[in-house]
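Below is one structure, written out as structure tokens; the observations come after it.
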Amino acid sequence: MNSIYNYTKRDLENYFLSIGESKFRAQQVFEWLYLKRVKGFNEMTNLKKGLIASLNDNFSIDSLRLVTTEEDVDVKKYLFELYDKNKIEAVLMHHDYGNSLCVSTEVGCNMGCLFCESGRLKKIRNLGAFELVLQVLMVEEDIKDRISHVVLMGIGEPFDNYDNVMKFINIINDPKGINIGIRHITVSTCGIVPKIKEFTNEKTGVNLAISLHAPNDKIRDKIMPINKVYKINDIISCVKDYIKKTNRRVTFEYILLSDINDDAACAQQLANLLKGINCYVNLIPYNETSNISFKKSKKVTIDKFYDILKKNNINVTIRREFGSKVSAACGQLRSKKTTESER
Ligand code: SAH
């Protein structure tokens with residue numbers, strides 16, 4: 001499938017140049033697709049007939065099938081079916097600063113983090129850039145409003161689908177297209193070190209978040225299999241390099257799991273680890289799921305953990321809890337292969 005939504009402006013310019021056309025055609029096509037949102041090449045009325053015919057011959061304009069939505073306060077979860085019948089979810093959150101969309105990057109996930117429901121289905125395939133772009137287009141169409149922020153924190157590991165993810169970011173950031181500001185896009189990784197290095201050198205301006213979840217390898221090894229490959233020190237040293245080269249602040253995500261990583265000693269160890277690094281820590285109250293036995297930390301424990309980080313001058317916030325009633329919260333998304341009637 002050669003979806004037109006896989007093409008960055010530059011890719012389209014190259015295509016038009018290759019068929020002896022002006023590269024300005026790329027801008028025209030972008031406007032039709034991303035400003036006027038047409039669903040067929042025949043509607044691109046400022047293009048010559050011959051050009052429309054060649055677009056029809058060479059590209060498809062696809063969509064995802066919206067299977068169902070579920071809503072809770074300030075959150076709406078979308079279940080989409082892909083062309084091969086696989087399903088993915090995306091979650092829209094209304095914040096006072098705008099609409100933020102959490103997109104999935106893969107069908108399933110190979111990272112196998114023990115606490116995460118989304119990763120219980122092994123990876124079936126990467127999403128194409130077009131399937132990422134379409135999550136944004138379909139949700140904007142549904143809400144008849146703009147999405148201002150995109151977080152790559154749905155199902156999948158973005159850095160295990162690196163090229164498509166970078167293409168997607170390029171497409172949605174195009175100022176004459178969907179135009180989502182680069183600093184309004186956040187990519188979250190469980191810590192695939194070589195890809196963090198590659199990402200550093202691209203200097204995109206995209207926000208980087210690291211799912212750390214433990215202050216030492218002993219605990220991290222137990223809950224995140226990726227830690228057997230890339231240790232905490234490897235992550236910290238490439239994050240330091242990222243900050244040095246990009247001058248950007250990094251976010252560390254830290255889920256608080258009762259009696260696993262949430263005591264005062266862990267908090268102090270985390271503070272020592274991050275001291276002097278230009279970062280902030282996003283503490284995530286664990287969202288319990290019926291299939292996994294980890295428990296959410298008590299409020300007093302969360303508050304104490306927070307206070308210890310604060311006292312050590314670490315920037316820290318506690319993530320607002322959203323959408324757990326409709327299983328739309330972090331780690332609760334699923335890429336089920338079930339049929340509609342089973343939901
Ligand atoms: N694979 C990437 C992108 C997924 S982001 C990554 O690991 O960063 C989803 C975030 O939600 C991650 O920080 C993940 O660790 C966290 N998460 C997973 N399960 C969760 C749960 N049950 N409750 C709260 N957060 C969870």
Side-chain angles (χ1 to χ4, degrees), residues 75 77 88-91 93 100-123 126-127 132 135 149-162 164-165 168-169 185-193 195-196 199 206-214 219-220 222-227 229-230 232 235 239 250-258 260-262 270 279-297 302 305 317-335:
V75 51
K77 180 168 79 165
I88 52 155
E89 294 181 319
V91 178
M93 290 159 284
S100 169
L101 186 67
C102 176
V103 295
S104 291
T105 56
E106 302 175 337
V107 180
C109 180
N110 276 343
M111 298 301 119
C113 300
L114 269 65
F115 45 78
C116 183
E117 175 77 23
S118 308
R120 292 196 335 125
L121 178 72
K122 282 279 151 268
K123 175 156 146 181
N126 287 329
L127 294 189
L132 284 148
Q135 293 176 60
H149 293 67
V150 167
V151 296
L152 289 96
M153 297 189 183
I155 302 157
E157 166 51 47
F159 282 178
D160 200 24
N161 183 12
Y162 188 84
N164 292 334
V165 159
F168 161 66
I169 290 172
I185 302 172
T186 302
V187 55
S188 178
T189 176
C190 63
I192 302 189
V193 165
K195 292 295 170 189
I196 301 176
F199 180 74
V206 170
N207 302 307
L208 176 65
I210 308 274
S211 291
L212 190 63
H213 308 324
I219 298 177
R220 202 167 192 264
K222 283 195 198 133
I223 55 177
M224 298 178 72
I226 189 73
N227 205 63
V229 187
Y230 306 111
I232 291 184
I235 295 177
V239 163
V250 167
T251 302
F252 287 102
E253 295 157 278
Y254 193 105
I255 304 176
L256 289 160
L257 302 165
S258 182
I260 306 278
N261 65 356
D262 65 343
L270 183 65
C279 68
Y280 89 93
V281 175
N282 199 198
L283 294 177
I284 311 178
Y286 182 60
N287 296 305
E288 293 178 10
T289 73
S290 47
N291 295 309
I292 300 173
S293 60
F294 291 108
K295 291 276 169 269
K296 181 176 185 155
S297 302
I302 298 179
F305 201 97
T317 51
I318 299 177
R319 182 174 288 176
R320 180 175 158 200
E321 290 174 77
F322 261 112
S324 49
K325 273 196 217 121
V326 294
S327 290
C330 307
Q332 293 184 324
L333 301 183
R334 290 199 276 175
S335 45

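If you read the sequence from its start, that first residue is 1, and numbering goes on from there. We count ligands from 1, going down the list as the structure has it; atoms in each ligand are counted the same way.
- In this structure, L256 CG and N261 CG are separated by 6.0 Å, a value rounded to the nearest 0.5 Å.
- In terms of polar-atom proximity, E253 is counted as a contact of ligand 1, with an N or O under 3.5 Å from an N or O of the ligand.
- Contact atoms of ligand 1 toward Y286: 21 (C), 22 (N), 23 (N) (distance under 4.0 Å to a heavy atom of the residue).
- Between G154 and ligand 1 there is a heavy-atom distance shorter than 4.0 Å.
- When the options A209, S104, C116, S211 are ranked by their closest heavy atom to atom 7 (O) of ligand 1, first place goes to S211.
- By the criterion of a heavy-atom distance under 4.0 Å, the backbone of T189, and not its side chain, is placed next to ligand 1.
- Looking at E117 next to ligand 1, no N or O pair under 3.5 Å apart turns up.
- Contact record, F115 with M224: CE2-CG, 3.8 Å, taken as the closest heavy-atom pair.
- Some N or O of G156 is nearer than 3.5 Å to an N or O of ligand 1, by distance alone.
- The closest approach between any non-hydrogen atom of G191 and ligand 1 is not below 4.0 Å.
- Heavy-atom proximity to F115, at under 4.0 Å, picks out these atoms of ligand 1: 15 (O), 18 (C), 19 (N), 22 (N).
- Using a 4.0 Å cut-off between heavy atoms, H213 contacts ligand 1 through its side chain alone, with no backbone atom that close.
- Proximity of a side-chain donor or acceptor of T317 to a complementary backbone N or O of R319 within less than 3.5 Å is not detected.
- Within the 4.0 Å heavy-atom cutoff, M111 does not count among the residues contacting ligand 1.
- Looking at residues two or more places apart in sequence or on another chain, you find a salt bridge (Lys or Arg N to Asp or Glu O under 4.0 Å) between K123 and E106, D160.
- Annotation for ligand 1: atoms under 4.0 Å from non-hydrogen atoms of I284 are 24 (C), 25 (N).
- Counting only heavy atoms of the protein, atom 17 (N) of ligand 1 lies nearest to I255 CD1, 3.5 Å.
- Ring-plane geometry between F199 and F159 is classed as tilted, the angle between the planes lying from 30 to 60 degrees on a 0 to 90 degree scale.
- Counting heavy atoms under 4.0 Å from ligand 1, residue E157 touches it through both backbone and side chain.
- Considering OG of S188 and CG of N207, their distance stands at 11.0 Å, rounded to 0.5 Å.
- Set against the non-hydrogen atoms of C190, the atoms of ligand 1 under 4.0 Å away are 6 (C), 7 (O), 8 (O).
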